[in-house]
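The residues of the chain are indexed from 1 along the displayed sequence. Hydrogens, waters and symmetry mates play no part in the numbers below; they use all other heavy atoms, side chains included.
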Amino acid sequence: MQDKDTVMLSGEVDSIIYRSNDSAFAVIMLASEGDLYSVVGDLGLVEEGEEISCTGHFVNHARFGEQFQADIVERSLPTSPSSIRRYLASGVIEGISSVLAKRIVDRFGEDSFDVLENSPEKLAEIDGISFKKAQKFSEDFKKTFAVRSLMQMLSKYEIPSSAGIRAWKRWKEKAEQIISGNPYVLCSEGIDVSFEKADSIAVKSGMPVNSEKRIAAGIRWVLRENSFSGHTALPLDRLKEKVCSFLTVGEEDFDSCLGEEISEENLYSYHKQKREFIMLSEMYRAEDYIARRLSIMSEISYDNQMDFSDLIDIAEDESGITYDSIQRKAINLALSKGFLVLTGGPGTGKTTTLNAILSLFEQQAMNVYLAAPTGRAAKRLSDLTGHEARTIHRMLEVKVPDGDRLSFVHNENDQLDCDVLIIDEMSMVDSCLFEAVLRAISVSCKLVLVGDSDQLPSVGAGNVLRDIIDSGVMPVVTLTEIFRQAQESAIVINAHKIVTGEYPDLTQRDSDFFFMQRQTYPEVQSLTIDLCRERLPKAYGYDPLNDIQVLSPARKGPTGTVELNRLLQAQLNPPAAGKSEVKTLLYTFRKGDKVMQIKNDYDILWKRTDEDGKVEEGSGIFNGDIGIITAANRILKTLTVDFDGRIAVYNSEMLDRLELAYAVTVHKSQGSEYDAVILTVFGGYDKLYYRNLLYTAVTRAKKLLIIIGTRKRLYEMIDNDRRTLRYTCLKNMITDIKNG
């Protein structure tokens with residue numbers, strides 16, 4: 001039972017029970033009006049002896065009793081000699097022990113802080129403090145005071161402490177000055193305060209509505225928000241309309257600000273097809289670099305006209321496999337040209353062709369690296385080739401983010417030690433990630449990109465595989481023939497029918513492809529649950545967590561992933577005595593739940609123990625990674641998640657990066673395959689139901705696919721051949737460079 005009445009609780013920090021090392025979350029005991037209260041929340045870097053005011057509500061915890069959940073925290077320096085002494089003795093300033101704290105307060109009393117900040121030479125009058133130590137104590141105090149001052153300023157505007165911590169990590173002592181000068185820096189990537197919140201601070205500080213800082217921030221905000229939908233650019237006319245409406249400013253002010261931002265190279269303008277596009281600097285530089293590197297690789301590869309037919313003949317004899325003419329062409333191009341895009345649908349022999357390419361490269365004593373965008377895709381690539389494959393992030397080795405941009409250990413200054421790089425599931429690779437890949441390989445490194453261009457594009461911004469293919473500049477081989485073994489699979493046959501706009505046979509009952517017609521939302525929900533909980537485990541022995549995946553085109557609605565996850569969790573992992581759980585605004589997570597990471601996070605630490613007991617440590621859990629919760633701490637609001645052997649701990653601040661994953665959207669399933677897929681095709685918004693989304697969903701199933709819904713909706717989906725519209729400039733940049 002919870003009392004949600006908002007109240008204020010003020011007092012002195014008595015003790016720190018727990019503090020997260022990498023976030024603002026803490027558990028403290030607060031002395032207030034003669035009583036001690038347990039306070040939890042994002043409290044920032046509070047210290048013993050500090051005086052704080054917390055706005056929040058009391059909750060009754062089943063195990064720990066009454067606690068105060070703090071939503072907003074205002075801090076102030078302690079004022080009484082006793083509290084100042086406790087504060088200094090808490091370790092907030094390195095080197096000041098309890099003995100020195102007592103001596104300082106005994107000498108200077110209520111003026112102790114003023115002396116620390118402004119007259120450190122007076123500290124040297126105290127036994128045990130040299131002049132050098134006094135100077136260091138003063139510097140450390142000023143840093144601590146700067147953190148406190150920043151947190152206090154942000155708390156007035158109800159900015160969470162977690163954002164303040166991120167701002168401090170980026171700008172250190174200059175953070176408050178930078179934010180005061182331009183509050184819109186708070187909505188930059190990595191600080192992640194909403195534009196609306198930053199805008200309210202700027203308005204309160206007197207910044208004009210048509211300020212260039214405001215308009216510039218608004219332009220970047222709109223471009224960044226659209227990048228989450230996959231766009232690396234926006235047409236100028238659309239951008240202007242969106243920004244002017246969003247900010248309520250005139251076109252003249254917009255044009256003036258945009259021109260200045262372009263001249264300063266904070267934004268870039270690119271003309272294609274007689275239309276002007278505006279790009280964030282990181283998007284422009286990524287696509288421009290890709291285009292220039294591909295141009296260089298094209299020139300190098302087309303100079304090489306060697307024919308490897310004899311080697312391919314030998315490979316056929318050794319493997320007992322006869323390659324068709326298109327496969328032979330692909331193998332020969334990969335070996336001779338040094339660059340190849342290998343694309344094709346399921347059952348067309350991509351894996352067979354790739355294994356031949358890999359074998360022949362190794363016969364030439366070349367060092368070959370294999371990579372894929374996700375952990376599941378990398379594991380699948382390893383299983384198919386028998387060679388180690390890594391995620392692209394792990395191969396490049398993520399460094400601590402530098403400002404707004406992700407950085408890697410391997411780049412143009414420390415390139416990968418490989419002669420050949422093969423990347424699978426290339427349709428999932430976005431522009432910024434592919435830029436990083438190209439920077440990390442030498443110009444002479446051969447590159448083979450494998451993927452299905454009919455699948456959905458990457459979650460991140462860009463449409464790299466499709467743009468490269470459509471440019472017509474680089475060597476591309478498209479496999480089209482369905483091989484005999486694959487012809488036995490209705491999943492494969494129907495996938496090819498769908499991608500060409502043909503309706504699949506929905507009457508089959510003795511295959512791996514089933515359609516189950518249901519006419520109402522409750523019927524779709526009930527059948528989905530029954531298949532996961534009872535029918536598929538009994539009929540096929542499938543594990544509901546590891547073998548079965550429910551997919552939906554949508555997040556919202558009765559058959560969207562949010563509602564299906566709630567229903568499936570209640571049946572597959574219900575609450576029970578002794579089963580710990582952690583609640584957030586959207587979900588209740590409990591031990592045993594299947595969860596998915598929904599945002600790239602390069603800072604999450606993980607550990608993995610191999611069969612020999614050797615422990616590997618690393619960082620980074622990425623968008624689409626699926627794991628199982630192995631522990632939940634209700635008090636500290638932490639979860640321990642097992643991502644295929646990588647064990648990561650999530651604190652309260654990080655929980656919004658997780659979702660239940662009994663059901664996931666088709667977009668999030670990309671790059672993964674599951675033994676059994678249940679796809680709901682019912683109701684929802686028309687714009688979410690289109691052909692290549694259905695094709696992507698169908699090709700996620702390895703052994704069994706069940707579609708639940710109506711024939712009408714399924715046929716509408718096949719008839720809707722609109723591809724996901726993405727504004728990018730890469731294709732045109734490639735062709736412009738090629739055409740001089």
Summary of ring pair (Phe, Tyr, Trp, His ring centres under 6.0 Å) pairs that have at least one residue in residues 568-601, sequence neighbours excluded: Tyr587-Phe589
Among residues two or more places apart or on two chains, list those pairs meeting ring pair (Phe, Tyr, Trp, His ring centres under 6.0 Å) that have a residue in residues 519-573. Tyr521-Phe682, Tyr540-Tyr542
For Gln569, side chain to side chain donor-acceptor pair (under 3.5 Å) partners two or more places apart: Asp593
Judged by atom type as modelled, is there a donor-acceptor pair below 3.5 Å linking the side chain of Gln670 to the main-chain atoms of Leu456? yes
Which atoms form the tightest heavy-atom contact between Arg646 and Asp625, and what is the distance? NH2-OD2, 3.2 Å
Between Met428 and Pro373, what is the shortest heavy-atom contact and its length? CB-CG, 3.8 Å
Set of ring pair (Phe, Tyr, Trp, His ring centres under 6.0 Å) partners for Tyr715, sequence neighbours left out: Tyr503
Sequence-distant partners of His231, ring pair (Phe, Tyr, Trp, His ring centres under 6.0 Å), two or more places apart: Tyr727
Is the NZ or CZ atom of Arg657 both under 6.0 Å from the centre of the six-membered ring of Tyr650 and within 45° of that ring's axis? no
Mark yes or no: Arg390 above the aromatic ring of Tyr369, with NZ or CZ under 6.0 Å from the six-membered ring centre and no more than 45 degrees from the axis. yes
Could you check Arg555, Lys668, Lys594 and say which one makes a side chain to side chain donor-acceptor pair (under 3.5 Å) with Glu659? Arg555
Thinking salt bridges, do Glu523 and Arg518 make one under a 4.0 Å N-O criterion? no
Report, one line per pair, each donor and acceptor closer than 3.5 Å where one atom sits in a side chain of residues 493-500; sequence neighbours left out.
residue	atom	partner	partner atom	Å
Asn494	ND2	Ala490	O	3.1
His496	NE2	Pro346	O	2.7
Thr500	OG1	His496	O	3.1
Thr500	OG1	Lys497	O	3.0

